[in-house]
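These notes are about the structure you will find just below.
Here is how names work: the chains are called A, B, and so on, in the same order as the sequence lines, proteins then strands, and each is numbered from 1.
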Protein chains: 2
Amino acid sequence: MATPTLRTLARELGLSRTTVSDALRGSPRVKPETVERVRAAAKAAGYDRNPLAGAVMSFLRRSCGQKFRGVLGVLEIVSAEQSLNAQRYNDAVFEGVSAKAEQLGFKVDRFQIGATGLKLSRLDSILQTRGINGLIVLPAAGFPDLSGLSWTRYTAVYVDYFVDSPPMHCVCSDHYRSMIGLLRELHARGFRRPGLFIETSLDERLHFRWEGAFLALQHYVPEISKVPILRPARVTPEVFQEWFEKYQPDVVLGHFPDAVAWMKRCGAKIPRTHSFVCLNSLRTQGECAALDFQAPQLGARATELVTGHLMHSEFGIPSQPSLTTLPARLLEGPTLRASGGKAPRPARRTMPAAAV
Amino acid sequence: MATPTLRTLARELGLSRTTVSDALRGSPRVKPETVERVRAAAKAAGYDRNPLAGAVMSFLRRSCGQKFRGVLGVLEIVSAEQSLNAQRYNDAVFEGVSAKAEQLGFKVDRFQIGATGLKLSRLDSILQTRGINGLIVLPAAGFPDLSGLSWTRYTAVYVDYFVDSPPMHCVCSDHYRSMIGLLRELHARGFRRPGLFIETSLDERLHFRWEGAFLALQHYVPEISKVPILRPARVTPEVFQEWFEKYQPDVVLGHFPDAVAWMKRCGAKIPRTHSFVCLNSLRTQGECAALDFQAPQLGARATELVTGHLMHSEFGIPSQPSLTTLPARLLEGPTLRASGGKAPRPARRTMPAAAV
DNA sequence: GCTTAAAATTCGGACCGTCCGAGCTTTTTC
DNA sequence: GAAAAAGCTCGGACGGTCCGAATTTTAAGC
């Protein structure tokens, strides 16, 4: 069965393709009775007007095709509690979005919404006025609620784990797989007592993927000592040092680079006797080894998804929201001992998926 | 001065507009010397290619009409050890692939490769002869090695977790998230002693996501007893019953529906005193509650990915392989007690992403 | 060196949806 | 009743792409 087009609809209705196009675009040139006939026939034939294609054609027709760009909206949910780290991450994601959007012929408009930004009703109005149908939502603290937007006219991707209000396709780093790969890599380098410390708030919205991967691998990687996870609501030097001295991990994993000083205070010689890997490279400035979530690549991938949906006229809330993940990369650093006797490795590489 | 277009450039160069377009898009059809001439003339004339206009035109051009768009190859790696369950799963994925491919104007050819199927060199030859560039690889036991194919001419998606030989984009169910959702749902229904039994081989290729999610949630869902996971290499009734009687889980999660009989042998009244949820609905015929991985939807999503890559002419091994996941759905069954005092729920629904 | 076949290179029909001037029909005005 | 105005619909052309076809060039065989 052929894909319906304006021309096939026109033949079916005994009208010209111009009349059909005008009718579907709401042109006042067309008699209301004709408009209704056309809309009914389009619906019956499964024809959906593609606003992106229409916009491109319009500009081409006006001889402005060379300069025409689609527009993507990047929504940033801001609040008073937003940390500097979160801001850096969002900026890195935005960088990737911008670069990929330009590559694909789109411009990007960035909107701040929420407590200190635009209200959703106002945003709706602006997006409609500017003809923006594709949205990329930057990660927010907690669980954002955007259900106040007119979702039938948008397609969106959330650049983090799950969002339910409304459900969206998501793109983010694969924390679970990154932890698995990191642990295997550390094991290959001879570490046998890895220890994880984590503030529970940093893992909760990931459904505890850091911890889940860590606990699971403790059972399956041979000869690893089961160092208990330190998981306070808030990490302090005292709490950390008590844990460190009691369990003596040979490599520490965690979000806070300050841990390096805390380890030294306990007599650790880094990286000779103990190592440290930060779980988020955006919390470091190269002073320690870290996992790089490749935020720009996440932004780029989200952009590809959104523009793909625009091309296919896939608007509204998806019936089957999917999650697309990319692995993090290990950034070597002065706090991580290279393997005993092995050749130096390149500075950046994707986590191995399987040890064998 | 008029805006330069492909057509004006073509007239200036004494070439057709197709040659100019092909040259600027980097098509290998055009002689390199011609490409250089076109690029120089475009630059001199101030012609900038608009990637969005090109993409929209390309999309419209490829989406139209009644003619068939091509053939997708579905590769099934067969071996002597392939189980009936794996076969059912692959058939379900294939069903989804076929339906979506038909919807998108593609035909599907299924190939069996490996120990009892075609050799890779033979497959290469057949695919080339039939003009097949898009491949969907059905899940295999262990870690398949397909690096013997001529990957520069193919785009492929693997319908399972990670494959490295070569790296591919992957589509599969989200086992971790599904376990999280299941545990939260069970907790909401009043269960306080969930127990998991699993043969390690069934979790290993998932990087122990079943176990990782289970262990992580034991720490964070309130009032749950930490029933140790039963994780033998091979589950027997004796091993199971010893574990069951020792730890008394009030709901058992696992892959084997036979566990229901084993639980009854221990005096459990199902679902009154104890419940059971199978972790893979393809291992049941409705006789127990189970997680449905929605294999046909996974097949459909893989098909969308592959045809999208074909559309963009993205061939070869991806530089950033991604993983796309869909959540499993809980299928209610006679082995799962409904919540105390709550209204009956619909038979099928996606796992809640966050409990709050 | 000529002929034939294969490969390389280029071309052109047709597609998509839009704009806007033009054509046809209907209504209004004088 | 004729002319003008308004309402409604039409079609040429735009720009870039796909892909089968046509043309040109190169290679192989005698």
Side-chain angles (χ1 to χ4, degrees), chain A residues 2-11 13-38 42 45 47-70 104-105 131 310-313, chain B residues 2-38 42 45 47-70 105 131 133 307 310-313:
Chain A
T3 304
T5 68
L6 290 181
R7 284 169 173 78
T8 62
L9 280 174
R11 281 195 285 277
L13 287 157
L15 295 168
S16 77
R17 72 201 182 289
T18 297
T19 302
V20 175
S21 175
D22 283 344
L24 293 177
R25 272 183 298 103
S27 169
R29 292 184 172 208
V30 185
K31 199 184 352 181
E33 289 81 28
T34 306
V35 172
E36 286 314 308
R37 281 181 62 215
V38 170
Y47 178 87
D48 281 316
R49 180 172 179 265
N50 185 334
L52 185 62
V56 167
M57 294 294 185
S58 177
F59 274 79
L60 288 174
R61 191 59 197 87
R62 298 180 211 253
S63 300
C64 300
Q66 192 173 324
K67 298 184 181 65
F68 175 72
R69 292 293 182 274
L104 298 176
L310 287 174
M311 196 74 76
H312 286 88
S313 297
Chain B
T3 303
T5 69
L6 289 182
R7 285 168 171 79
T8 61
L9 281 174
R11 282 198 285 277
E12 176 187 322
L13 288 157
L15 295 168
S16 77
R17 77 204 179 284
T18 297
T19 302
V20 176
S21 175
D22 284 344
L24 292 176
R25 276 185 294 105
S27 171
R29 291 184 173 209
V30 187
K31 196 186 343 178
E33 289 80 28
T34 306
V35 172
E36 287 314 309
R37 280 179 64 214
V38 171
Y47 178 86
D48 282 316
R49 180 172 179 269
N50 182 338
L52 181 54
V56 166
M57 294 285 191
S58 177
F59 173 75
L60 293 174
R61 188 69 191 80
R62 294 196 209 235
S63 297
C64 77
Q66 50 229 1
K67 56 186 175 202
F68 99 111
R69 309 289 313 288
N133 308 110
T307 56
L310 287 175
M311 242 349 156
H312 288 94
S313 303

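- Distance B/Asp22 CG to D/dG16 C1': 10 Å, rounded to the nearest Å.
- Rounded to a whole Å, the CE atom of A/Met311 is 13 Å from the C1' atom of C/dC16.
- Looking at every heavy atom in both residues, B/Val30 comes nearest to B/Ala23 through CG2-N, 3.8 Å.
- Residues A/Arg69 and B/Leu52 form no side-chain contact, since every pair of their non-hydrogen atoms from C-beta on lies 4.5 Å or further apart.
- A/Leu60 places its CG atom 11 Å from the P atom of C/dC19, with the value rounded to the nearest Å.
- Contact of A/Arg25 with C/dT18 (side chain to base): no donor-acceptor pair of N or O atoms is detected under 3.5 Å.
- Annotation: side chain of A/Arg7 is not in contact with side chain of A/Val20 (no heavy-atom distance under 4.5 Å).
- Separating the CZ atom in A/Arg17 from the CG atom in A/Leu9 is a distance of 13.5 Å, to the nearest 0.5 Å.
- Nearest-nucleotide mapping onto DNA chain D: of B/Met57 and A/Thr34, the residue sitting toward the 5' end is A/Thr34.
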Exercise for review: Toss me the dot-bracket line for DNA chain C: Watson-Crick and G-U wobble, both under 3.5 Å, 5' to 3', using | for pairs to another strand and [ ] for crossers.
Suggested key: ||||||||||||||||||||||||||||||
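- Note: CZ (B/Arg61) to P (D/dT17) measures 12 Å, nearest angstrom.
- Atoms CG (B/Leu15) and C1' (C/dC11) sit 10 Å apart, rounded to a whole Å.
- Residue-to-nucleotide contacts include a donor-acceptor pair under 3.5 Å from the side chain of A/Thr18 to the base of D/dG11.
- In this structure, A/Arg11 atom CZ and C/dC16 atom P are separated by 8 Å, rounded to whole Å.
- B/Thr5 comes within 4.0 angstrom of the backbone, heavy atoms only, and of no base.
- Computed from coordinates, the B/Glu33 CD to D/dT26 P distance equals 11 Å when rounded to whole Å.
- Residues B/Arg62 and B/Met57 have side chains not in contact (no heavy-atom distance under 4.5 Å, counting atoms from C-beta outward).
- Taking the six-membered ring where the residue is Trp, B/Phe59 and A/His312 present perpendicular rings, their angle passing 60° and hence far from 30°.
- Of the two residues contacting DNA chain D, namely A/Pro32 and B/Arg7, the nearest-nucleotide position lying further toward the 5' end is that of A/Pro32.
- Nucleic acid contact class of B/Tyr47 (heavy atoms, under 4.0 Å, all strands): sugar-phosphate only.
- Residue A/Ser16 has no polar side-chain atom (N or O) positioned under 4.0 Å from OP1 or OP2 of D/dG11.
- A/Arg49 comes within 4.0 angstrom of the backbone, heavy atoms only, and of no base.
- Closest non-hydrogen pair, B/Tyr47 versus B/Pro4, comes out as CD1-O, 3.3 Å.
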Review point. Where do A/Thr19 and A/Ser16 land on the side chain to side chain donor-acceptor pair (under 3.5 Å) test, with the steps shown first?
Key: CA-CA 5 Å; A/Thr19 302; A/Ser16 77; 3.1 Å; yes
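- Not a single donor-acceptor pair, N or O on each side, falls under 3.5 Å between the base of D/dG7 and the side chain of A/Arg29.
- Note: CZ (A/Arg17) to P (C/dT18) measures 11 Å, nearest angstrom.
- Looking at heavy-atom distances under 4.0 Å, A/Arg62 makes contact with sugar-phosphate atoms alone, never a base.
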